[in-house]
2 protein chains.
Amino acid sequence: MTSKPDQKHHHGNLRAALVEAGIALLEEGGVEALTLRKCAARAGVSHAAPAHHFDGLAGLKTAIAEEGFRLFSAFMLAALDRGPKTPRGRLKSLCRGYLEFGLEHGGILAVIFGERGLGSLIPGSSREQAHAYLLLREACAPFVPAGTNALIVEVQVWSLIHGFTLLCLAGEFGDGRAPLDEGLFDQVIALLDRLPQASPVANT
Amino acid sequence: MTSKPDQKHHHGNLRAALVEAGIALLEEGGVEALTLRKCAARAGVSHAAPAHHFDGLAGLKTAIAEEGFRLFSAFMLAALDRGPKTPRGRLKSLCRGYLEFGLEHGGILAVIFGERGLGSLIPGSSREQAHAYLLLREACAPFVPAGTNALIVEVQVWSLIHGFTLLCLAGEFGDGRAPLDEGLFDQVIALLDRLPQASPVANT
DNA sequence: CCAACAAACTTGACAGTGTAAAGTTAGGCG
DNA sequence: CGCCTAACTTTACACTGTCAAGTTTGTTGG
């Protein structure tokens, strides 16, 4: 009610169709293939139609990022579900979901963290970003030493998995386009085994 | 001698001028501002001239990456010079140089690690990349446990500092365009304090 | 009921971009 | 000297984003 009345007259809401087309283009051809005109063509409208729904290409990207964050969170939640329920197991599962999202949807990840920190400068998507960020915050909480800033552990974990994901996407490890040396992720993420657990419980 | 005879006839070698112009554009306007035609204009030649020296825009980017790697290594070497000479101090200084390069030359970093892993798929720049990578390998060596793959520690450190640098560039931490919370780097990089030193010497 | 209005969308145009095909110049070499 | 190859220019084309007008369509006020 408070927001838009669902669909207008011509095209039962075009905005969502454009975002969907944009994501499809992103999956097929990476961030280079994302184009306002191609999105419009896929949605069956003229090339200038998107201007009435987004503020240019940058606006479309923020809208895609907003949607992408949902998928991002879903990947991490799915990994959390599959994995062990210990604090350290949950932290590692979250990272695994992060990596899997990046490898399967590299284009969306590029849009989310693209250019000048779209992830932070979008006011619109900050809610969804907050959701993804809250997952990280929650998983990190058991490893925050009493009296210290929780941000530190969060940034440590975030930097590690973010860097690993991007370096994998850039093909820095592995000879070619290998899907991923499954062992490498486990061995690299094992660095988090050295994070001391704050709560007195000793299970890993 | 074995390579090109320095300068030809018209423009005392244009290739270097184009790379220089490209780097300048990169510094001024980021990776979006890097354009074949603008490079050509800056070098005072026609817009199709670069085609005789690079294989399109991608080729120019690989040439810039090749040059950028030199600057990259120089930043890490400078940080190594300034810092303490203990194994752990050297490792942290390397990371500091990595971050400083990224913050000061974000455009070049984006080109180096841009798109589909230019950093790895360029055969031409692999020598320079090897140089930068050797610095990392060297700094990590004291922390490689006997009998384990050195790659693991290297990727751990690389992922951490790479992710932290990119997240800083994306403005994910800090409210706005703050140059950098100096303390945050130290606190995050302190994660490396937990890497056990392989050699029996106990100095940090 | 209908005229006015606003929003969605189209059409057309313009400045950039990469890139390919030609033509032009200039230095090297038989 | 005459050619020839490389460097460079000119021209052209298919794209891109973006703006300024029109045109349609649904709503709304009188």
Side-chain angles (χ1 to χ4, degrees), chain A residues 1-22 24-26 28-65 107 110-111 114-116 118, chain B residues 1-22 24-26 28-65 107 110-111 114-116 118:
Chain A
M1 279 294 182
T2 61
S3 66
K4 292 159 193 169
D6 251 342
Q7 68 189 48
K8 283 307 173 89
H9 51 334
H10 266 166
H11 188 296
N13 81 350
L14 176 60
R15 186 188 153 98
L18 288 171
V19 169
E20 191 178 359
L25 285 170
L26 229 36
E28 295 169 16
V31 75
E32 306 258 279
L34 179 61
T35 282
L36 272 179
R37 288 172 112 104
K38 277 190 279 194
C39 283
R42 289 215 174 192
V45 294
S46 78
H47 65 266
H52 293 263
H53 297 276
F54 313 104
D55 183 20
L57 181 60
L60 174 63
K61 282 184 177 175
T62 70
I64 289 179
V111 167
E115 313 304 325
R116 285 274 168 275
L118 272 175
Chain B
M1 278 297 184
T2 60
S3 66
K4 292 160 192 168
D6 252 342
Q7 68 189 49
K8 282 306 173 88
H9 51 334
H10 266 166
H11 187 295
N13 84 350
L14 175 59
R15 186 188 154 97
L18 288 170
V19 169
E20 191 177 0
L25 286 171
L26 229 36
E28 294 169 16
V31 76
E32 306 258 277
L34 179 61
T35 282
L36 272 179
R37 288 170 112 105
K38 277 190 279 194
C39 283
R42 290 214 175 193
V45 295
S46 79
H47 64 266
H52 292 261
H53 296 275
F54 312 104
D55 182 19
L57 182 59
L60 174 63
K61 282 182 177 175
T62 70
I64 289 178
V111 167
E115 312 305 323
R116 286 273 169 275
L118 272 176

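Naming: A, B, ... by sequence-line order, numbering from 1 per chain.
Considering only side-chain atoms of B/H52, the nucleotide from D/dA7, D/dT18, D/dA12 that sits closest is D/dA7. The side chain of A/R37 approaches D/dT16 more closely than any other nucleotide in the set C/dG18, C/dC9, D/dT16. Relative to the side chain of B/S46, the nucleotides C/dC9, D/dT9, D/dT18 differ in distance, and D/dT9 lies closest. For A/A49, taking side-chain heavy atoms from C-beta onward, the closest of the listed nucleotides D/dA12, D/dC8, C/dC9 is C/dC9.
Here C/dG16 presents its P atom at 15 Å from CG of B/L25, a figure rounded to the nearest Å. Atom C1' of nucleotide C/dA7 and atom CZ of A/R15 are separated by 16 Å, given to the nearest angstrom. Rounded to an integer number of Å, the gap from CG of A/D55 to P of D/dG17 is 14 Å. Atom pair A/L60:CG and D/dT18:P shows a separation of 10 Å (rounding to whole Å applied). To the nearest angstrom, C1' of D/dT24 lies 15 Å from CG of A/L14. What separates CZ of B/F54 from P of D/dC8 is a distance of 11 Å, to the nearest Å. D/dC15 atom P lies 19 Å from atom CG of B/L36, rounded to whole Å.
At a cut-off of 3.5 angstrom, counting only N and O atoms as typed in the model, there is a donor on one side and an acceptor on the other between the side-chain of A/H47 and the base of C/dG12.
Of the side-chain N and O atoms in B/H53, one or more sit less than 4.0 angstrom from OP1 or OP2 of D/dC8. Between C/dT17 and B/T35, a contact under 4.0 Å exists linking OP1 or OP2 to a side-chain N or O.
Pairing each heavy atom of B/V31 with each of B/L26, the nearest pair is CA-CD1, 3.6 Å. Taking both residues in full, the closest heavy atoms of A/A40 and A/H47 are given as CB-CA, 3.9 Å, listed atom of the first, atom of the second, then distance. When all heavy atoms of A/L14 and A/A49 are compared, the pair lying nearest together is CD2-CB, 4.1 Å.
Residues B/K61 and B/F54 fail the side-chain proximity criterion, which asks for heavy atoms closer than 4.5 Å. Contact of the A/L60 side chain with the A/P50 side chain is not registered, since no non-hydrogen atoms from C-beta on lie closer than 4.5 Å.
Take the nearest nucleotide of DNA chain D for A/K38 and for A/A48: the residue whose nucleotide is more 5' is A/K38.
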